[in-house]
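First up is the structure itself, then whatever we jot down about it.
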2 protein chains.
Amino acid sequence: MTETLPPSSVGRAVHRTRPGTPRPGIPRQAAEAAILAAAERVFGLHGFRGASVNEIAREAGVPKPNIHYYFGTKEELYCSVLENIMTFWLRDADDWLVPERRAREGFEGYIRAKMAFSRERPDASRIFAYEVLQGAGNIHHYLSTTLREHVARRARTFEVWHRERQMPAIDPVHLMFAIWSMTQAYADMSAQISAVTGHAVLHDSDFEAGLQTILRLVLGFCNDIEDRA
Amino acid sequence: MTETLPPSSVGRAVHRTRPGTPRPGIPRQAAEAAILAAAERVFGLHGFRGASVNEIAREAGVPKPNIHYYFGTKEELYCSVLENIMTFWLRDADDWLVPERRAREGFEGYIRAKMAFSRERPDASRIFAYEVLQGAGNIHHYLSTTLREHVARRARTFEVWHRERQMPAIDPVHLMFAIWSMTQAYADMSAQISAVTGHAVLHDSDFEAGLQTILRLVLGFCNDIEDRA
DNA sequence: GTCTATATGACGATAGAC
DNA sequence: GTCTATCGTCATATAGAC
């Protein structure tokens, strides 16, 4: 748990290179997919330490030892899940936060995409949140290379938009974290939100109201361009 | 862990009413304070499941069994820590988000206070985040009564400010969650922020830049009043 | 390749000496 | 009131039968 992962990636599935293990067969792929899906649910519910391999096995409908056979240790399984999540996590920004778009259109599309992620894959969002809360030891290399470059590209986009007078100058890192924290709250803090609204679980209308609130904060900011000219 | 707590509070320290336990003595108070402080650090680092009573005992400088003697089970200790945190958590809003203040002054003071909390008690913020991620089972009653009323008071404040044309109409629940998620990110997501900035830990300048970004989003929103009149 | 049965170790909790 | 030594439980991991 405290061990540092190899710098190449999030800790890719080690089992494929294990000595003595032949090529993946047909049943293996189905089992692997079921285990990964179950792991995402269970890790998302309880975090790494709180989750037990037993529960993942039950949820996936496979015998417990098969998980170790396919994925090695619990931590290696966890890293496989993390890697899947991060691949998804970065996608939307390259579609929306690019200089070719109008600023308002870009922000709106991106924020909608992030809210959709919170609604459709809340477990994935929570696993990421747990990992970051723990100090992000398993993904530090990824954050300080891939994610940092990702933010740098957004900074160039904002720079262009600012020169074109579509938005005021702003610290790009902190604007991105503001957007991420607000949108991810609808997955990570959903228990708190639903307790306050009184709804047992978050309803579509909650996501819609949250989306509108975030849009008004961020798009309203773009309007400030006149005041600061 | 899955058991529901009595509806009276977060699950107050049960040890005081234990049969056969005399009144608290003098050394007890020092030990209890040390244990609570250590528990806040350790639970904040690893969450409930990830933390071990052993580590808390080491950190507090007391033998492990004393923790059980003072606080009963690990979960009861955890609930004591949670209760301490929540008391602090609500304080600032009653100082700042009240109709007597100007809207801009109120939002600025409140956001500064929340950022100060993230900087000064990051472990407390993280414990709360872990608990909410887990589904908030230990604090559900508290969230659906105390916190809900707390939000309702903010809603009345915003209503007044809106009538006085100091800010546009907005959904108060989602505005509060936007502010909470943005400010708490500087404790809960600090590992991610520092990985992106390249600083080993968050520096004062990071908190300041974050504060300015959040202020511009929220105070800029107040300016929108003219557009929507 | 797959699964049953078991080894190993860590943790929470307590009994009982001081 | 305080602490040493220990018990029972449960989870990860593996050895070995099929």
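Since we're looking at a predicted model, the values are computed, not measured. In what follows, every chain begins at residue 1, and chains take the letters A, B, ... in the order their sequences are listed.
- Rounded to an integer number of Å, the gap from NZ of B/Lys64 to P of C/dT14 is 12 Å.
- Looking at heavy-atom distances under 4.0 Å, A/Ala57 makes no contact with the nucleic acid at all.
- Side-chain atoms of A/Ser118 come within 3.5 Å of backbone N or O of A/Thr183 as a donor-acceptor pair.
- What you find for B/Val196 and A/Leu143 is that their closest heavy atoms are CG2-O, 4.2 Å.
- Stem regions annotated for DNA chain C: C:1-18 with D:1-18, counting only runs of 3 or more consecutive pairs of Watson-Crick or G-U type with both contacts under 3.5 Å.
- The separation between A/Ile56 atom CD1 and D/dA11 atom C1' is 12 Å, rounded to whole Å.
- If you check D/dT2, D/dT12, C/dT14 against the side chain of A/Val53, the one that comes closest is D/dT12.
- Remark: the backbone N or O of A/Leu97 is paired with a side-chain donor or acceptor of A/Arg154 at under 3.5 angstrom.
- In terms of phosphate contacts, B/Asn66 brings a side-chain nitrogen or oxygen within less than 4.0 Å of OP1 or OP2 of D/dC3.
- Taking 4.0 angstrom as the limit, A/Tyr69 places none of its side-chain polar atoms (N or O) nearer than this to OP1 or OP2 of C/dC3.
- At whole-Å resolution of the value, CD1 in B/Ile67 and P in D/dT2 are 13 Å apart.
- Counting only residues at least two apart or in different chains, ring-ring contact (aromatic ring centres under 6.0 Å, His included) contacts with residues 178-200 of chain B comprise A/His174-B/Tyr186, B/Trp89-B/Trp180, B/Phe177-B/Trp180.
- Considering only side-chain atoms of A/Ser52, the nucleotide from D/dT12, D/dC3, C/dG12 that sits closest is D/dT12.
- B/Arg58 has its CZ atom 13 Å from the C1' atom of C/dA10, to the nearest Å.
- Residue A/Lys74 contributes atom NZ, which lies 15 Å from atom P of C/dA10 at whole-angstrom precision.
- In this structure, B/Phe48 places its CZ atom 8 Å from P of C/dG12, rounding to the nearest Å.
- Considering only side-chain N and O atoms, A/Tyr70 lies under 4.0 angstrom from the phosphate OP1 or OP2 of C/dT2.
- For the 3.5 Å distance criterion, the side chains of A/Tyr142 and A/Glu83 fail to qualify, holding no donor opposite an acceptor.
- Distance CG/A/Leu133 to CD1/B/Ile127: 10.5 Å, rounded to 0.5 Å.
- Among the nucleotides D/dA13, C/dA13, D/dA11, the one closest to any side-chain atom of B/Thr73 is C/dA13.
- Counting any heavy atom pair closer than 4.0 Å across all strands shown, A/Pro65 reaches a base atom.
- What separates CZ of B/Phe71 from C1' of C/dG12 is a distance of 17 Å, to the nearest Å.
- Geometrically, A/Arg91 engages A/Phe88 in a cation-pi contact defined by less than 6.0 Å to the ring centre and at most 45° from the axis.
- Here the C1' atom of nucleotide D/dG8 and the NE2 atom of B/His68 are 14 Å apart, to the nearest Å.
- For A/Pro63, taking side-chain heavy atoms from C-beta onward, the closest of the listed nucleotides D/dA13, C/dT2, C/dC3 is C/dC3.
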